[in-house]
Every structure is written in structure tokens, then in C-alpha cells.
Amino acid sequence: MPELPEVETVARQLDPQLRGRRLSSIEILDAKLAGPDWDSLRGFSIQRTFRGGKQVVLEFSRGKLSRFLSVHLRMTGRLIWVPELKGRLADPQACDHYQYKVPISDKSLRARFRLSGGELRFYDQRRFGVLALHSDPAGFASAGVEPLGPDFSPASLAGMLAGARGEIKPWLLRQDRIAGIGNIYASEILFACAVHPRRSAGSLSPAEQKDLHRHTVRILKLAIKHCGTTFSDFQDSTGSTGSFQQYLKVYGREGQACPVCARPLERIVQQQRSSFYCPDCQH
DNA sequence: CTTTCAGCCTGGGCGC
DNA sequence: TGCGCCCAGGCTGAAA
């Protein structure tokens, strides 16, 4: 699914659910996910759950030892906490979790982490997701700057853009520069900046660079506030389902009226990914 | 350095 | 009902 706001939503939701729980065993159901020494995690307890780039990270500890389990959800990965009550696991369909499109199916269950009080399940229909185990935080850190962190400033953005070659839209998707922006938010951010997706990244004026910084932060924060974007009409009772799709201005709206000038929005393909924009507002 | 393309996977939706 | 085709929020690696 997920870009930064969706992953942040998942991490925030899981953190209180998982905190302090001790891991007893792991069952890997998809051979693609074998590899890490999963059994070495037995007996470790979860300290916290957080987001790094587009990854969910679980920090485990046992005594002075630390382990970091990073989960890249890619397109369809989901992490769901399934509590145990009176010896029975809850129905995952009814569990508090981030929803999108596809209902949870047992067919896409790829891994189970058995913890005190229940289990954490990894579902992944398309099997693009990646689980990794690290013994230090440097292992999972993405190379790019966190757009909501202290290192992302108008000046640092200007520095990254200086001399940049390619088009701005694909540039925004590069995780080694800014970590966490994906296809949806890249289009939304450029629309807010009135910058055309085909503009050369290095050609942005100082004012446009400032706008790019400002709107990137603003839109990501706003999306987090609405628990991200889901293409699902299902809204769960906890309100933890993303609702930012209501606020998308251009993504997926090819042919519809631009919210600013009312002329039709367009879709183009850049590096095999759709970009949505207003040909009249964005230059 | 850049861009392009195939590939990794599954399944929904569409036109016929 | 079925088939073929296109689509999908991510990312890597090879090739040009």
C-alpha cells in the first residue's frame, strides 16, 4: 500500500498493541521470507514500533541485546495484531488495522509472530513485502532524509535539487533523497506547488523549492492526521482507517475537473508510473 | 550520471 | 462464464 503517512499510521497503531510483548515463536509460511535467523528472536520482547522511511520497524530487546525487525509492506503487505482472548485468537477481519481494497484472506497469510497475548500476522497478497532482521539501527535506516525530521529543511532540499538532472516527479520518488514519498503524494505535492511533473528537478526556482519543502511537509502531516489514504469504502469503528483519499486533489482523477481552474486533469506516464496533474495550473 | 525496461507477484476489472 | 488484457500505492537490477 503504503507511503509514509500510511506506514506511520500502521506503526502508531501497532506500537501500543505490541509494546512489552514477548515473542515465543515465529512461523514463516512463505518461503520467500525465510533467510533471517528468525529463531534468534525467541525470548525477545518488543520495546516499541516505529516508522523509518516506508518501513515499519519493531525494536526487540532481551537484556542488553537489541534486534530490529524491519517490514517493508511494498504494495499489499499488512501487519495485523490478533489478540488472544480466553485461549482463542480473535477474528483478524474484526481486528483494528489499516484497511485497503482487498479484504483479509487466509490465502495471503505469510508469517505469524507468536507473542504474549496474541500474535502479529503479516499478510501480503502480492508477496512483494520484505522482512529483515538487524542487530543495529543502521541496518534498516533508509539512505534518504526523513521529510518530517529535523534534517529536511528548505536549505537541505535546495542542496539536493542543485544540479539534479531528471524530471521532478520521478525525482520525488527516489528514496535515497527524500524517504517516504510515493506515487500518490508526489502528484499531490506537485499540484500544491503548481509545478509540472515533467519539469527538470534542477530547474526549480528558489521560490518553488521553498514551496516544495513547505507543501511536502504540510501534505504528509495532513495525510497522517487523516490516517493516510486507503482505496476502500470500509471505515472501521476505531476511525483508524485512512480517509485522506477524500482530500486527494489530482491523484486518480484523470478527466475530472481541476479543483482550482475546473479544467480537466490529465494523466501521463513517467518511468512506468502514472502522474496526475493539471495542465493549466502546473508549469 | 540518466532513462528505460523487465521482473518480482496476485487479483480485480474491463471489453469481447 | 470465460479469456485476454490492462491496471495497481514499490523497488531492484540490467542494459542502453
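Per chain, numbering begins at 1; letters A, B, ... match sequence-line order.
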P-based separation of B:dA6 from C:dC5 [nearest Å]: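 15 Å, rounded to whole Å.
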Can you tell me, in whole Å, how much space there is between the C1' of C:dG2 and that of B:dC9?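 Going atom to atom, C1' in each nucleotide, I get 23 Å.
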Do A:Leu190 and A:His215 have side chains that get closer than 4.5 Å, going by heavy atoms? no
Under a 4.0 Å heavy-atom criterion, the protein footprint on nucleotides 1-8 of chain B, written with B, S and -, is -SSBBB-B
Dot-bracket encoding per residue of DNA chain B, Watson-Crick/G-U cut-off under 3.5 Å, | denoting interstrand: .|||||||.|||||||
Heavy atoms under 4.0 Å, any strand shown: does A:Ser108 hit a base, just sugar-phosphate, or nothing?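 The answer is nothing, as A:Ser108 stays clear of every strand by at least 4.0 Å.
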Indicate, with a heavy-atom threshold strictly under 4.0 Å, whether A:Tyr185 touches base, sugar-phosphate, or nothing. nothing
Ring-plane angle category for A:His226 and A:Phe244, please: parallel below 30°, perpendicular beyond 60°, tilted otherwise.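 Tilted.
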Would you say the side chains of A:Ser153 and A:His213 form a donor-acceptor pair under 3.5 Å?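 The criterion, which ignores hydrogens and geometry beyond distance, is not satisfied for A:His213 and A:Ser153.
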Between A:Glu146 (side chain only) and A:Gly53 (backbone N and O only), is there a donor and an acceptor less than 3.5 Å apart? yes
Where at least one partner belongs to residues 54-68 of chain A, residue pairs that pass salt bridge (charged side-chain N to carboxylate O under 4.0 Å, His left out), sequence neighbours excluded: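 Matches after skipping sequence neighbours: A:Arg48-A:Glu59.
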Ignoring hydrogens, what is the shortest heavy-atom contact between A:Leu212 and A:Cys193? Give both atom names and the distance.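 What the structure gives for the nearest pair is CA-SG, 3.5 Å.
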